[in-house]
Amino acid sequence: MGKASTRAGSVGRSVPRLEGAAKVDGRARYVDDLSFPGMLHGRTIRAPHACGRLRSVRLGPGGLPLGLVVVGPRDIPGDNVIAVIEDDQPALAWGEIRHAEEPVLLLAHADREALFAVPAEVEMIPGAPVFDPLASPRVFKHIRIARGDAGAALRKAPVVVEGEYRTGAQEHVYIEPNGVIAVPENGGITVHGSLQCPHYVHKALCRLLKLPADKVRVVQTETGGGFGGKEDYPSVIAGHAALLALKARRPVKIVYDRAEDMRATTKRHPSIVRLRTGFSRDGALLAIEAEVVMDGGAYVTLSPVVLSRGVLHATGPYRCPAVAIDGRVVMTNTPPNGAFRGFGAPQTQFAIEAHMDRCAEQLGIDPVKLREKNAFRPGDVTATGQKLPKDTSALPVLREAVRRSDFHRKRKAWAGTGKGIGLALFFHGSGFTGAGEVRLASRASLELTAKGARILVGSTEIGQGTRTMLAQIVADTLRWPLSAIEVAPADTGLVPDSGPTVASRTCMIVGAILQRAARELKHKLGRLTPTQYLARHGALVVTKQYEKPAEIHWDEERYKGDAYGTYAWGCDVVELEVDPVTREVRPLKLTAVQEIGKAIHPGHSRGQIEGGSAQGLGWALSEEVVMRDGKMANAQLTNYMMPTTKDTPEFDVAILEQAYRHGPFGAKGVGELPMDGPAPAVVNALRHAGFDVREVPATPERLLKCASR
Amino acid sequence: MKTAFSTLALLRPERPDEALALLRDGPLTPIAGGTDLYVALNAGLCPSRRFVDLSRLKAWRGIAATKDGGLRIGALTTFAQIRDDKRVARALPALCAAAREIGGVQIQNRATVGGNLANASPAADSAPVLLAADAELELASTAGVRRVPLGEFFVAYRHTALRADELIQAVLIPPQPGPSFFRKVGTRAANAISKVVFAGVRAARPRIALGSVGPVPLRAKRAEAALAAGADLESAVDALQQDIAPIDDLRSTAEYRRFVAAGLLRQFWQQTGGRRPAPSRRR
């Protein structure tokens with residue numbers, strides 16, 4: 001090894017997943033598989049009401065088990081906050097209570113049964129909770145985007161269509177619930193856990209524990225899924241375990257069971273979007289006015305950036321000379337809503353895509369033609385003034401999806417049969433919004449090993465194939481076999497901060513940084529093999545930092561400029577039938593055509609598209625978070641209805657590739673894009689089948705209520 | 001697991017008489033497949049601390065034809081056995097259809113018909129078929145065996161006629177006078193709890209039963225009477241609305257359940273109206 005290989009590279013081939021065998025045969029160790037000498041179990045005592053003031057927390061009646069460790073707010077060495085964007089969320093609430101899962105006291109004990117048998121009584125002075133986001137007195141973030149004069153354009157437009165669209169909360173249902181183990185060591189703390197963003201947790205722990213960076217270490221354990229649900233929440237549970245561990249001076253494990261995970265951790269933001277669009281008589285889009293309201297829950301957490309991505313996708317993939325978008329994310333007395341695959345974009349694109357079919361109807365224009373007429377072309381300008389790059393693929397994905405699904409024939413043939421076919425056209429910005437990537441200034445390293453090279457990044461493998469994909473990029477850039485590349489554990493004591501594993505950014509952004517590192521490594525090696533180099537020059541680690549492409553500019557104040565480096569594009573066609581007796585909706589087929597720059601690993605890309613589409617169908621049809629008095633009432637998998645294989649249809653997936661000039665091998669993001677399409681495509685197919693539904697999930701109960709057309 | 005397992009006691013009799021003697025000296029909570037009990041234990045919602053495991057009572061497991069042409073199904077027979085049994089498929093195909101839609105395959109491998117009835121959930125999937133089939137239960141105790149029509153077994157929400165010292169020994173199904181029909185409407189296509197479950201047997205005096213539309217699985221006696229008296233289908237649909245008392249809950253709404261119950265009655269009547277017995281409908 002070490003010589004330039006003439007064999008075909010691994011990029012574009014579905015090579016075996018690096019950790020696949022270990023996951024199948026059981027060697028992969030998840031957090032609940034781990035144990036440490038003297039380890040205790042932790043338990044979280046939570047507030048009983050959604051809103052009010054905490055009066056007291058009493059343990060007992062009865063004797064408490066010997067060795068019970070108790071942590072309250074006064075035991076917090078640093079700031080009592082979960083550091084994310086704002087400092088409003090306490091690790092342990094002590095005065096004001098803002099939601100019914102608010103942690104107020106922590107317990108730990110070696111015997112789990114004894115721990116959970118301790119009676120705890122929390123007394124509150126209940127206040128008046130707010131659950132309706134439209135009635136919320138507190139706005140966490142307000143964003144306005146304006147292009148041209150939308151008001152004037154609407155007044156002059158020959159055809160104006162209005163509508164309100166709503167989406168519900170969604171639970172991630174990663175296979176493995178949130179869980180961590182905190183181990184006091186080296187005068188600080190090490191946290192092992194199931195998480196997406198080790199450096200986020202690291203930052204939050206330094207703040208909470210008042211420890212210098214080198215005394216806090218966060219190690220990702222093999223992780224059973226995240227979908228955004230392990231972006232910010234692990235900072236909470238890691239903080240709790242660390243507080244207990246530091247007080248007990250022993251390792252503490254907290255692994256939520258499914259019920260606690262569903263009740264206490266984040267959900268997708270519910271949304272209400274009102275749209276007014278103006279058209280010329282022949283269907284040219286003249287103006288879009290959008291009002292976006294998202295339910296942030298009790299604390300700010302990631303809501304401002306979720307709103308940001310939401311409003312930036314609110315026009316859908318359409319060119320429009322006059323745009324006015326007004327977005328707010330507001331407080332309610334429910335547990336904080338957070339990151340979930342798509343991050344605000346599925347909500348706003350649901351609205352615009354459901355709306356477009358209503359517009360087509362009012363204009364008397366075929367929904368495909370209306371989209372063709374208005375879809376972004378390369379060189380078009382977005383609402384923020386971004387001139388779209390060459391890899392703008394709205395038309396190619398639309399045409400291919402229409403062709404593959406035989407859309408027009410079915411649309412005609414199925415009228416009045418109880419079957420329906422509908423489509424949705426969508427896009428998704430790859431990487432952090434606006435100047436986010438500049439602020440992150442991500443770093444990634446390559447270390448020369450005797451065998452080849454080792455990748456050092458904080459980017460996590462959470463089932464999506466990160467390790468394999470990054471190794472493929474590095475291997476092919478070095479022209480080495482894939483077996484020469486290792487990936488170091490995502491351990492903050494070992495790896496640089498390559499940014500969070502979110503926002504469809506890991507391949508496009510971190511992959512590109514690693515590609516630059518690989519080029520430099522190759523250059524430094526010259527003609528030497530790694531073994532020769534190491535023998536002659538000693539250790540070699542190449543670290544590269546994100547570099548903003550020169551042509552990208554973003555003005556955060558005015559919300560103007562290049563919102564994303566580039567976009568991935570998709571068109572979904574959903575075919576379904578509605579049972580006339582029960583109004584049950586049965587998806588028959590989902591055609592997904594998605595343009596992602598380059599499929600580094602086609603199998604995993606297809607997996608993302610099928611999985612994201614299934615998750616989108618669940619959100620569209622059956623997954624409903626039932627809240628009662630601010631608590632999730634259906635926090636069990638028997639009553640929170642994810643689709644099974646009998647509920648998901650045949651998937652016809654086609655991947656298109658239009659290289660992005662700054663992506664590794666042309667790659668853009670694929671993780672979130674598939675979440676954007678299914679819900680509006682379902683609702684549009686239902687419209688075709690005769691149901692005017694503007695809210696998801698479109699449960700049979702909702703279809704019964706909505707006016708049959 | 002919210003329940004402290006180390007505090008639980010499990011007795012494991014080998015034969016029915018041992019089990020009944022243990023129950024006489026009770027109180028004990030019987031456990032067969034455990035598919036409902038474990039959910040409650042996991043959530044910490046099962047107050048019982050002493051259990052009697054029935055899984056070794058082989059005598060109560062299995063399906064036999066009776067002399068009158070009916071079936072006798074041991075209470076510990078699993079839904080997998082019922083699902084795959086040719087005699088059940090001939091005598092009461094709706095019961096096979098119900099068994100096929102109870103939980104998933106893993107649940108069907110463990111869950112027993114006796115457990116499903118004793119648990120007395122209003123959403124129990126086997127109950128409406130067995131009610132419509134005019135099934136009877138054999139309830140055993142150390143004092144002997146008594147027969148109770150299933151129609152008298154469900155007393156109130158999650159309460160049955162079973163005494164604390166009794167166990168269900170078998171389910172007796174008489175020969176059926178006409179074709180049977182079953183349809184479960186759940187929260188998804190499989191592995192779901194019923195929002196409405198409907199079963200019917202078409203005959204001169206049709207028998208109709210529903211689940212998830214009242215506090216107990218119930219016979220729709222007004223609708224049955226209307227159809228027996230030759231009323232038109234829509235009058236029977238109106239009568240059915242008097243028979244049922246659905247509520248809004250986590251899984252559905254009263255409005256939806258009434259809509260679906262009406263639609264299923266129509267579907268039952270239309271599908272079983274032909275000369276030949278219509279096969280049970282599968283989704």
Side-chain angles (χ1 to χ4, degrees), chain A residues 41 43 65 111-118 255-260 262-263 577 579-588 614 617-618 621-628 631-649 697 699-706 708, chain B residues 1-8 35-36 38-40 42-45 100-101 103-105 107 121 123 183-198 237 246 248-271 281-283:
Chain A
H41 295 277
R43 174 183 165 196
D111 179 345
R112 219 170 165 269
E113 282 188 357
L115 173 68
F116 281 88
V118 172
V255 177
Y256 289 165
D257 66 10
R258 183 63 66 183
E260 185 171 19
M262 289 180 93
R263 281 196 308 261
E577 67 184 344
D579 185 307
V581 174
T582 63
R583 304 263 160 121
E584 288 168 289
V585 178
R586 191 185 179 33
L588 303 170
L617 287 173
L621 288 169
S622 60
E623 294 186 33
E624 185 151 36
V625 174
V626 180
M627 298 297 288
R628 285 187 186 153
K631 297 182 190 186
M632 184 171 179
N634 58 337
Q636 318 110 314
L637 294 180
T638 37
N639 286 323
Y640 179 81
M641 305 313 294
M642 295 176 76
T644 69
T645 50
K646 283 193 87 174
D647 302 273
T648 42
T699 56
E701 286 77 5
R702 214 158 253 145
L703 290 185
L704 182 61
K705 275 185 179 304
C706 82
S708 188
Chain B
M1 191 70 74
K2 291 271 191 322
T3 301
F5 257 59
S6 64
T7 64
L8 306 183
T35 55
D36 265 302
Y38 264 86
V39 175
N42 187 40
L45 298 174
R100 194 178 292 122
E101 293 199 29
V105 170
I107 299 281
S121 161
R183 187 162 175 199
K184 166 177 172 166
V185 178
T187 42
R188 65 184 160 206
N191 224 333
I193 297 176
S194 296
K195 297 201 274 199
V196 178
V197 53
F198 184 106
V237 166
D248 291 353
D249 66 11
L250 278 181
R251 292 189 271 272
S252 191
T253 62
E255 180 196 18
Y256 178 77
R257 289 177 158 121
R258 286 192 179 279
F259 172 82
V260 169
L264 293 178
L265 177 58
R266 291 187 195 103
Q267 197 171 40
F268 159 58
W269 204 245
Q270 283 150 10
Q271 285 194 10
R281 193 179 180 286
R282 263 192 81 188
R283 241 186 124 230

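Just so it is clear: chains get the letters A, B, ... in the order the sequence lines come, proteins before strands, and each one is counted from 1.
Taking a 6.0 Å sphere around OH of B:Tyr38, one finds it holds 12 or fewer heavy atoms contributed by other residues, nucleotides or ligands.
With a 4.5 Å cut-off on side-chain heavy atoms, B:Ser6 and A:Glu113 count as touching. Between B:Arg188 and A:Met642 there is a side-chain heavy-atom pair separated by less than 4.5 Å. The shortest side-chain heavy-atom distance between A:Thr582 and B:Arg183 falls under the 4.5 Å cut-off. Side-chain contact between A:Arg628 and B:Leu250: present, with at least one pair of heavy atoms (C-beta onward) separated by less than 4.5 Å.
In terms of heavy atoms, A:Glu584 sits closest to B:Tyr256 at CG-OH, 4.3 Å. When all heavy atoms are compared, the tightest approach of B:Thr253 to A:Glu701 is OG1-CG, 3.8 Å.
Comparing B:Ala43, B:Gly263, B:Gly44, B:Ala4 by heavy-atom pairs within less than 4.5 Å of chain A, the highest count is held by B:Ala4. Your options are A:Leu621, A:Thr638, A:Asn639, and the one with the most heavy-atom pairs under 4.5 Å with chain B is A:Asn639.
Residue A:Leu115 does not touch chain B at all, counting heavy-atom pairs closer than 4.5 Å. Both the backbone and the side chain of A:Ala633 come within less than 4.5 Å of a heavy atom in chain B. If you measure heavy-atom distances from A:Asp257 to chain B, the contacts under 4.5 Å come from the side chain alone.
Every residue two or more places apart in sequence or in another chain that forms a ring pair (Phe, Tyr, Trp, His ring centres under 6.0 Å) with B:Phe268 is listed here: B:Phe181, B:Phe198.
Rounding to the nearest 0.5 angstrom, the gap separating the CD atom in A:Gln636 from the CD1 atom in B:Ile193 is 8.0 Å.
Screening residues 259-269 of chain B for salt bridge (Lys or Arg N to Asp or Glu O under 4.0 Å), with sequence neighbours left out, gives B:Glu234-B:Arg266.
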